[in-house]
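Below you'll find the structure, written out as structure tokens, and then a few comments.
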Amino acid sequence: MNITVNDVSKIYGTNENKVVALDHAAMSIHGGDFISIMGPSGSGKSTLLHIISGLDTPTSGNVLYDGADIHNGSDKALSAFRRKKMGFIFQQFNLLPVLSARENIMMPLLLDRRQPDEDYLRELAEFLGIGTRLNHLPHELSGGQQQRVAIARALIAKPDIIFADEPTGNLDSKSGGEVMKMLCDIREKMNKTLVIITHDLQIAKRAVRQFTIVDGVLSEAV
């Protein structure tokens, strides 16, 4: 799946209250890419990720997935497309506290009324080191284990692309390093496209293609 971001801007407010969160951003993402987008807080990097993934709409410009504008359709169709084609990992683990790890992982499939692939779930859990923790509630897991559950949830529907927004932001350096290694391994072994938003230079440098964003202006390192 190829993604093209064409001259995308995002503007909030008007006149003296006008804020340009994204300023004519353009980029391409190809199948199997490993991309990092680095910038300080408030630079527009999360806004860019939200627009690329269809969680937000641009003020101008468009985002094409294999030539089709993802913002040119119904919200219902876009939501279904996201559930099937995209996986999301956030700084906050966003696990439902009353559900077990297994139930949290299965949530994207249940929302799409799809039957779980039990063999794939077991394979995923073992790969992420949470095979013995699937029946535990989130509060019974460490931060690193909770993020691994979140990664499994992002992968359970077998998406083409993974979007990770500050995935190690709530973890200590050891757990963060382990999570990043897993993400790199997942991208390589499962042939996933991986886009990581970060303010950490060491994380950004792991990517094959590196972008920076400052005051809404996006540029690719060469």
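If you read the sequence from its start, that first residue is 1, and numbering goes on from there.
Note: Ile162 CD1 to Met190 CE = 9.0 Å, rounded to the nearest 0.5 Å. Interatomic distance, Gln210 CD to Leu201 CG, rounded to the nearest 0.5 Å: 8.0 Å. Taking CG from Leu218 and CZ from Phe211, the interatomic distance works out to 6.0 Å, rounded to the nearest 0.5 Å. To the nearest 0.5 Å, the span separating CD1 on Ile11 from OG on Ser60 amounts to 6.0 Å. Remark: Ile151 CD1 to Phe88 CZ distance equals 15.0 Å, nearest 0.5 Å. With rounding to the nearest 0.5 Å, the separation of CD in Gln202 from CE in Met38 is 10.0 Å.
Cluster membership for Ile130 and Leu137, using ILVMFWY side-chain heavy atoms within less than 4.5 angstrom, is not shared. With hydrophobic clusters built from ILVMFWY side chains whose heavy atoms lie under 4.5 angstrom apart, Leu110 does not share a cluster with Leu96. Val217 and Val5 fall into different hydrophobic clusters, where Ile, Leu, Val, Met, Phe, Trp and Tyr side chains are chained together by heavy-atom contacts under 4.5 Å. Both Val195 and Phe81 belong to a common hydrophobic cluster when Ile, Leu, Val, Met, Phe, Trp and Tyr are linked at side-chain heavy-atom distances under 4.5 angstrom. Criterion: ILVMFWY side-chain heavy atoms under 4.5 Å apart, direct or through other members. Under it, Leu99 and Leu95 are not part of a common hydrophobic cluster.
For the pair Lys18 and Tyr12, the cation-pi test (distance below 6.0 Å, angle within 45°) is failed.
Between Glu118 and Arg102 there is a salt bridge, with a side-chain nitrogen of the basic residue lying less than 4.0 Å from a carboxylate oxygen of the acidic one. Taking a cutoff of 4.0 Å between a charged side-chain nitrogen and a carboxylate oxygen, Arg209 and Asp33 qualify as a salt bridge. Contact check on Arg148 versus Glu178 returns a salt bridge, with a Lys/Arg side-chain nitrogen under 4.0 Å from an Asp/Glu carboxylate oxygen.
The closest donor-acceptor contact from the side chain of Lys84 to the backbone of Pro159 lies at 3.5 Å or more, if one exists at all. Formation of a donor-acceptor pair under 3.5 Å by the Arg133 side chain with backbone atoms of Glu140 is found in this model. At distances below 3.5 Å, at least one donor-acceptor pair connects side-chain atoms of Ser36 with backbone N or O atoms of Ala204. With Ser175 contributing its side chain and Asp172 its backbone, the two residues share no donor-acceptor pair below 3.5 Å. Judged by distance alone, the side chain of Glu103 and the main-chain N or O of Ser100 form a donor-acceptor pair under 3.5 Å. Side chain of His71 to main chain of Asp56: a donor-acceptor pair is present (N/O by atom type, distance under 3.5 Å, no hydrogens or angles). Judged by distance alone, with hydrogens and angles left aside, the side-chain atoms of Ser79 form a donor-acceptor pair with the main-chain N or O of Asp75 at under 3.5 Å. Gln145 contributes a side-chain N or O that, together with a main-chain N or O of Ser142, makes up a donor-acceptor pair within less than 3.5 Å. Ser9 places a side-chain N or O within 3.5 Å of a backbone atom of His24 that can act as its donor or acceptor partner.
Residues Arg206 and Met180 meet the side-chain proximity criterion, which asks for heavy atoms closer than 4.5 Å. Contact of the Phe34 side chain with the Thr193 side chain is not registered, since no non-hydrogen atoms from C-beta on lie closer than 4.5 Å. Looking only at side-chain heavy atoms (C-beta outward), Ser28 and Ile3 stay at 4.5 Å or farther from each other. Pro167 places a side-chain heavy atom less than 4.5 Å from the side chain of Gln147. Using a 4.5 Å cut-off on side-chain heavy atoms (C-beta onward), Asp117 and Ile156 make no contact.
Between Ser53 and Ile70, the shortest heavy-atom contact is C-CD1, 4.2 Å. Across every non-hydrogen atom of Leu109 and Pro116, the tightest pair is CD1-CA, 3.6 Å. Residues Gly176 and Thr168 share a closest heavy-atom pair of O-CG2, 3.4 Å. The heavy-atom pair separating Ala150 from Ile89 by the smallest distance is O-CG1, 4.5 Å. For the residue pair Asn104 and Pro138, the shortest heavy atom distance occurs at ND2-CG, 4.0 Å. In terms of heavy atoms, Arg153 sits closest to Asn94 at NH1-O, 2.7 Å.
Looking at Asn62 and Asn6, their side chains do bring a donor and an acceptor atom within 3.5 Å of each other.
When the shell of 6.0 Å around CG of Asp215 is examined, it contains 12 or fewer heavy atoms from other residues, nucleotides or ligands. Within 6.0 Å of the CD atom in Glu188, the count of heavy atoms belonging to other residues, nucleotides or ligands does not exceed 12.
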Using side chain to side chain contact (heavy atoms under 4.5 Å, CB included), reason through Lys189 and Phe127 one step at a time and then give a plain yes or no.
CA-CA 11 Å; Lys189 295 177 181 177; Phe127 178 79; 4.1 Å; yes

Test Asp160 against Lys192 for salt bridge (Lys or Arg N to Asp or Glu O under 4.0 Å), laying out the working first.
CA-CA 6 Å; Asp160 294 325; Lys192 302 295 183 185; 5.8 Å; no

Using side chain to side chain contact (heavy atoms under 4.5 Å, CB included), reason through Leu194 and Ile161 one step at a time and then give a plain yes or no.
CA-CA 6 Å; Leu194 178 60; Ile161 185 168; over 6 Å; no

Walk me through whether Thr198 and Ile37 qualify under side chain to side chain contact (heavy atoms under 4.5 Å, CB included).
CA-CA 6 Å; Thr198 185; Ile37 303 172; over 6 Å; no

Given the rule in the side chain to side chain contact (heavy atoms under 4.5 Å, CB included) test, do Val149 and Phe93 qualify, once you have shown the distances and angles that lead to the verdict?
CA-CA 8 Å; Val149 171; Phe93 313 128; over 6 Å; no

Pair Asp165, Ser46 - check side-chain hydrogen bond (donor to acceptor under 3.5 Å, both in side chains), show working.
CA-CA 7 Å; Asp165 192 352; Ser46 290; 3.0 Å; yes

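None of Val8, Ile35, Thr4 except one satisfies the side chain to side chain contact (heavy atoms under 4.5 Å, CB included) rule with Met27; the exception is Ile35. When each of Leu22, Thr59, Thr57 is paired with Ile51, the side chain to side chain contact (heavy atoms under 4.5 Å, CB included) condition holds for Leu22 and for no other.
Listed by chain and residue number, Arg122 satisfy the salt bridge (Lys or Arg N to Asp or Glu O under 4.0 Å) test with Asp119 (two or more places apart in sequence, or in another chain).
Ring to ring, Phe163 and Phe90 are not that close: their centroids are 6.0 angstrom or more apart.
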